[in-house]
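Reckoned from all heavy atoms, side chains included, excluding hydrogens, waters and symmetry mates.
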Amino acid sequence: MNRRSPALPLLVAALLVALAGCGSEQAGASGPADPAELATRARALGVAPEHVYVTEVPGYTLARQSVGVIGGDGFSAAYVSRENGTTIQLSVDRDAFAAGACPRPAGDATSAPCVRDGDAWYLEGTGGHREYTLRKKGHVVRVGADGVPRDVLRTAAEHVHRPSADELDALIPSAPAAGGPVERGDLPPAGDGAPDNNVGVSG
């Protein structure tokens, strides 16, 4: 009669737990962005670090050239669908609204209803414009679009989050430290600063 090693069931159980863990882990997850690095990159754009958010929407990709500052130190980024050409705009700015009040966009004088939808406010204006607004501590996050179905926009609002390390790299690539002009090796130390184009001894 074969005697089974008492360690074998424990080994099998450990392997099953490891395999289950691999299935639940996101591929390529990089963890949250380093706060100091995020602050450095955001301030280089003139954006308050706490205003930097990202989202995920199936079929939409970040338009890197759209990333920038709005208002005094707010943040803005656009996500574009190559399939139908629509754009979802994510913007973050300071919260200047009374508690419990609908945070309507600046200059919005429409009578469109602004209703609660979970933790967010939903506003549907003229021309097919829809917008979800999430109130955070000291600021508001808006996710809006023209001609985008409400359920797609809701998905974008539900997936709003602070960037991971990988997302920060895609959102705001690292830049040279702020300071003086970049030094050029071909500029002479004296004179009018014209480039030194003299041919060397070797020709």
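We find that K136 and D95 are not joined by a salt bridge, their nearest charged nitrogen and carboxylate oxygen being 4.0 Å or further apart. Comment: R94 engages D73 in a salt bridge, judged by a side-chain N to carboxylate O separation of less than 4.0 angstrom.
Note on V141: it clusters hydrophobically with V67, by side-chain heavy-atom contacts below 4.5 Å among ILVMFWY residues. Hydrophobic clustering of Ile, Leu, Val, Met, Phe, Trp and Tyr side chains at less than 4.5 Å, counting indirect connections, keeps Y53 apart from I70. Taking hydrophobic clusters as Ile, Leu, Val, Met, Phe, Trp and Tyr residues chained together by side-chain heavy-atom distances below 4.5 Å, V80 does not share a cluster with L90.
For the 3.5 Å distance criterion, the side chains of Y122 and R154 fail to qualify, holding no donor opposite an acceptor. If you check the side chains of E37 and T40, you find no donor sitting under 3.5 Å from an acceptor.
Annotation for D151: atom CG counts as buried by contact number, over 12 foreign heavy atoms lying within 6.0 Å.
Formation of a donor-acceptor pair under 3.5 Å by the R162 side chain with backbone atoms of E50 is found in this model. Formation of a donor-acceptor pair under 3.5 Å by the R41 side chain with backbone atoms of I172 is found in this model. A distance-only check finds a donor-acceptor pair linking the side chain of R135 to the backbone of F97 [under 3.5 Å]. Under a 3.5 Å cut-off, the side chain of H161 and the backbone N or O of H159 do form a donor-acceptor pair. Counting only distance, with no hydrogens or angles, the side chain of E158 and the backbone of T155 share no donor-acceptor pair below 3.5 Å.
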For this session: Check the pair V52, V92 against side-chain contact (heavy atoms from CB on, under 4.5 Å), reporting the backbone distance first and the verdict last.
Result: CA-CA 7 Å; V52 180; V92 189; over 6 Å; no
Exercise. Do H139 and F75 pass the ring pair (Phe, Tyr, Trp, His ring centres under 6.0 Å) test, and can you show the C-alpha distance, the side-chain angles, and the key distance before you say yes or no?
Worked result: CA-CA 11 Å; H139 52 275; F75 177 75; over 10 Å; no
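Side-chain contact between S76 and V69 is absent, with no heavy-atom pair separated by less than 4.5 Å. Looking only at side-chain heavy atoms (C-beta outward), R43 and P49 come within less than 4.5 Å of each other.
The only member of T86, T55, T87 that meets side chain to side chain donor-acceptor pair (under 3.5 Å) when paired with Y60 is T86. Of the options E131, R116, R104, R142, a side-chain contact (heavy atoms from CB on, under 4.5 Å) to W121 is made by R116 and by none of the others.
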